[in-house]
Amino acid sequence: MVMEDYRDKYTKDGTTDIHGQPALKKETGNWRACPYILANECCERLAYYGMSTNLVNYMKNRLNQVNATAANNVTNWSGTCYIMPLLGAFIADAYLGRYWTISSFMIIYILGLVLLTMTASVKGLKAPCSNGVCHPTKAQTAAVFIALYLIALGTGGIKPCVSSFGADQFDESDESEKKRKSSFFNWFYFSINIGALIAASVLVWIQMNVGWGWGFGIPAVAMAVAVISFFWGTRLYRHQKPGGSPLTRIAQVIFASVRKAGVKVPADKSLLYEITVKESAIEGSRKLKHTDQLTFLDKAAVETEEDKNKGPVNPWRLCTVTQIEELKSVLRLLPIWASGIIFSTVYSQMSTMFVLQGNTLDPHMGPHFKIPSASLSIFDTISVIVWVPIYDRFLVPFVRKLTGRDRGFTQLTRMGIGLFISIFSMLAAGILEVVRLQVVARHNLYNDKDDYVPISIFWQVPQYFIIGAAEVFTFIGQLEFFYDQAPDAMRSMCSALSLTTVALGNYLSTLLVTIVTSITTKNGKLGWIPDNLNQGHLDYFFWLLAILSVLNLLVYLVIAKFYTYKNTVEDADTKGDAIEP
């Protein structure tokens with residue numbers, strides 16, 4: 001009885017407190033630690049969206065770039081912000097742990113924000129302007145890009161770790177805490193959008209009406225608040241120990257399986273090598289149950305006579321079943337990961353093509369106030385803020401009664417619903433563009449590049465609102481899915497993997513714009529996306545993305561149908577969810 005009380009006193013998932021001691025259940029983690037993490041994320045996202053939401057207009061107005069160049073520079077930078085998490089995740093999983101990785105990269109982030117603010121406010125770094133046209137020097141342009149890519153590096157250490165660190169506060173071996181973890185991801189994304197709401201409304205207005213110095217300075221202050229909030233909760237946090245280099249473990253499995261290519265895998269899989277103690281050989285990871293997929297990799301766990309005679313186990317020759325299943329888990333995630341790229345391409349249009357389209361529409365709210373086109377992303381944020389409580393408090397309980405599953409929808413079903421909804425955002429944007437071009441033709445506005453088309457900018461609201469609804473299903477489902485299906489010691493890495501869909505989505509957007517511009521401007525034609533959109537066909541670009549989204553959804557349904565969920569040895573009797581097509 002004494003031993004049982006002792007065990008119940010501490011978490012059972014291997015988490016520790018800040019001093020490296022086993023985490024006390026009643027004094028650490030759970031929802032008591034989450035407000036500090038959620039506040040940190042809210043402020044960090046306010047800072048990020050405070051820069052990125054209107055960045056395409058900064059590129060055009062202050063760096064004097066044309067539409068296609070400005071859009072591509074924004075998507076390239078945004079893509080880098082979401083590819084750098086692979087670096088931060090590797091450092092977290094292999095060496096520093098999530099807490100110290102977040103702490104270190106926040107400093108780099110703030111340095112980038114300070115430099116960006118200086119490029120918009122300090123003489124010498126700020127581009128000189130006359131008659132509404134700016135003429136930046138190469139050095140001034142370079143300073144802007146150095147600041148932006150410092151921010152991208154800082155983002156790389158924070159983004160893959162914060163959501164995983166928050167989820168670490170819930171003990172998976174405790175059923176009540178495990179259920180709360182699913183709600184954490186919903187409220188985590190909710191906090192992101194509170195920050196985005198302030199950025200898209202207040203900060204964009206400040207940038208367009210007060211000045212870019214204030215518009216970038218406030219995000220720098222918000223990031224300082226994020227740092228304070230994060231450190232304030234230090235004593236309450238639970239920490240997962242770093243498990244060593246995940247890339248090394250993956251390389252060992254590949255090397256050992258290739259080396260034993262001629263070895264036959266025994267029919268009885270219990271003969272495959274695994275350590276006999278309860279804990280896994282990998283620090284901070286539970287043992288994984290053997291699966292029958294990708295059986296070639298099982299050769300790495302076949303113990304030959306040579307292995308037995310070599311003395312101590314060499315992981316480059318003989319790997320545990322858990323180590324092999326780590327790699328299998330990652331490989332199974334890749335097709336699901338790839339299906340998120342097109343969705344992220346659609347999502348990236350909010351900061352590029354939607355803004356450029358909005359620049360041509362009537363922004364007036366009454367006789368004296370004009371809403372900046374970039375501020376329309378506020379309706380994406382409002383959509384998320386509305387949908388998260390509806391999903392968490394009403395939709396999940398309703399679907400739970402129908403399906404009998406704790407989460408209501410399976411994670412794969414949830415993501416598929418979001419992919420389906422996203423198609424309609426491109427259709428809405430395309431339809432608005434067709435109507436806009438009809439008005440241009442009716443009033444002969446082809447050469448009036450700087451005049452507004454007499455259509456209210458608020459007709460863009462549906463396309464933003466639809467994307468927000470799609471995010472609640474796909475992006476939040478993705479966050480939870482990649483955390484759950486990742487091996488314990490590779491959770492930051494797999495969270496980073498999910499974020500790279502946003503990076504590749506931005507890069508794909510850049511590639512599509514480049515290809516479309518190259519093809520459609522042949523023989524002296526203006527193309528689909530000229531500097532004067534009244535003479536272009538932006539609607540064709542939206543139709544292209546809608547078609548790609550439909551094809552992507554069809555492929556996703558096939559992939560999801562055959563996905564095999566991860567199973568730990570402790571949960572061997574528990575079956576994974578399956579998607580309903």
Asp362 versus Ser456, side-chain donor and acceptor atoms under 3.5 Å: no
Residues Ser52 and Trp77: side-chain donor-acceptor under 3.5 angstrom: no
Enclosure of Phe394 CZ (heavy-atom neighbours >12, cutoff 6.0 Å): no
Verdict with supporting geometry, Leu419 and Ser549, side chain to side chain contact (heavy atoms under 4.5 Å, CB included): CA-CA 7 Å; Leu419 295 181; Ser549 296; over 6 Å; no
Aromatic contact, Trp459 with Tyr464 (centres under 6.0 Å): no
Validation row: Phe105, Met84 side chains within 4.5 angstrom (heavy atoms): no
Near-ring test Phe473/Tyr391, centroid separation under 6.0 angstrom: yes
Face-on cation placement of Arg332 at Phe562 ring, 6.0 Å and 45° thresholds: no
SB check Asp93 Arg98 (cutoff 4.0 Å): yes
Throw together a table of side-chain donor-acceptor distances under 3.5 angstrom for residues 216-223, partners on residues two or more places apart or in other chains.
none

Side-chain donor-acceptor contacts of residues 189-197 below 3.5 Å, not counting sequence neighbours, with atom names and distances?
unit_1 : atom_1 : unit_2 : atom_2 : d
Tyr189 : OH     : Glu471 : OE1    : 2.4
Ser191 : OG     : Phe188 : O      : 2.6
Asn193 : ND2    : Tyr189 : O      : 2.9

Short side-chain donor-acceptor distance under 3.5 Å, Ser339 and Asn552: no
Partners meeting side chain to side chain contact (heavy atoms under 4.5 Å, CB included) with Gln535 (sequence neighbours left out): Tyr446, Asn447, Leu526, Asn532
Evaluation steps, side chain to side chain donor-acceptor pair (under 3.5 Å), between Asn359 and Ser373: CA-CA 6 Å; Asn359 286 344; Ser373 58; 2.5 Å; yes
Partners passing ring pair (Phe, Tyr, Trp, His ring centres under 6.0 Å) against Phe185 (at least two apart in sequence or in another chain): Tyr483
Neighbour count above 12 (heavy atom, 6.0 Å) for Trp214 CH2: no
Of Phe481, Tyr82, Tyr347, the residue whose pairing with Phe475 passes ring-ring contact (aromatic ring centres under 6.0 Å, His included): Tyr347
Under 3.5 Å side-chain donor-acceptor pair for Asn57 and Asn54: yes
Residue list, ring pair (Phe, Tyr, Trp, His ring centres under 6.0 Å) with Tyr109, at least two apart or on another chain: none
Minimum-distance pair of heavy atoms, taken over all atoms of Ser229 and Asn40: OG-N, 3.7 Å
Closest non-hydrogen atom pair, Leu412 against Ala560: CD1-O, 3.9 Å
Short side-chain to backbone donor-acceptor contact, Thr517 and Thr514, under 3.5 Å: no
Listed partners of Asn64 passing side-chain hydrogen bond (donor to acceptor under 3.5 Å, both in side chains), at least two apart: none
Donor-acceptor under 3.5 Å (Ser344 side chain, Gly505 main chain): no
Residue pair Leu479 / Ser163: nearest heavy atoms and the distance that separates them: CD2-OG, 3.7 Å
Heavy-atom donor-acceptor pair, Thr80 side chain to Asn76 backbone, under 3.5 Å: yes
Inter-residue atom distance Asp539.CG - Leu544.CG, 0.5 Å rounding: 11.5 Å
Arg62: partners by salt bridge (charged side-chain N to carboxylate O under 4.0 Å, His left out), with sequence neighbours left out: none
Side-chain touch Glu44/Val162, heavy atoms, less than 4.5 angstrom: no
Side-chain heavy atoms of Leu545 within contact of Leu512, under 4.5 Å: yes
Counterpart residues, ring pair (Phe, Tyr, Trp, His ring centres under 6.0 Å), relative to Phe542 (two or more places apart): Phe354
Step-by-step side chain to side chain donor-acceptor pair (under 3.5 Å) determination, Gln463 to Gln357: CA-CA 12 Å; Gln463 63 207 55; Gln357 183 188 49; 3.0 Å; yes
Arg436 side chain reached by Leu538 side chain, heavy atoms, under 4.5 Å: no
Residue pair Cys34 / Phe184: nearest heavy atoms and the distance that separates them: SG-CD1, 3.8 Å
Any Thr117 side-chain heavy atom under 4.5 Å of Trp212 side chain: no
Output a table of donor-acceptor pairs, distance under 3.5 Å, between side-chain atoms of residues 142-161 and any protein atom two or more places apart or on a different chain; print 'none' if there are none.
unit_1 : atom_1 : unit_2 : atom_2 : d
Thr155 : OG1    : Ile151 : O      : 2.8
Lys159 : NZ     : Glu41  : OE2    : 3.1

Derivation and outcome, side chain to side chain contact (heavy atoms under 4.5 Å, CB included), residues Met415 and Ile336: CA-CA 10 Å; Met415 288 188 284; Ile336 302 294; 4.0 Å; yes
Counterpart residues, side-chain hydrogen bond (donor to acceptor under 3.5 Å, both in side chains), relative to Ser164 (two or more places apart): Ser495
Close side-chain approach of Phe482 and Leu333, heavy atoms under 4.5 Å: yes
Heavy-atom side-chain contact between Leu86 and Phe90 under 4.5 Å: no
Minimum heavy-atom distance between Ala428 and Ile466, given as atom pair plus value: CB-CD1, 4.3 Å
Side chain to side chain contact (heavy atoms under 4.5 Å, CB included) between Val330 and Cys494, worked out: CA-CA 8 Å; Val330 174; Cys494 288; 4.3 Å; yes
Worked verdict on Val434 versus Trp543 for side chain to side chain contact (heavy atoms under 4.5 Å, CB included): CA-CA 11 Å; Val434 168; Trp543 302 141; 3.8 Å; yes
From Asn506 atom CG to Thr500 atom OG1, the distance as rounded to the nearest 0.5 Å: 11.5 Å
Any Met353 side-chain heavy atom under 4.5 Å of Phe541 side chain: yes
Backbone of Ser348 reached by a side-chain donor or acceptor of Thr352 within 3.5 Å: yes
Phe165 to Ile102 - nearest heavy-atom pair and separation: CB-CD1, 4.3 Å
Polar side-chain atom of Ser383 near backbone of Ala469 as donor-acceptor pair, under 3.5 Å: yes
Test item: side-chain donor near acceptor, Ser329 and Gln485, under 3.5 Å: no
Counterpart residues, ring pair (Phe, Tyr, Trp, His ring centres under 6.0 Å), relative to Phe379 (two or more places apart): none
Selection residues 506-531 - residue pairs positive for ring pair (Phe, Tyr, Trp, His ring centres under 6.0 Å), sequence neighbours left out: Trp528-Tyr540
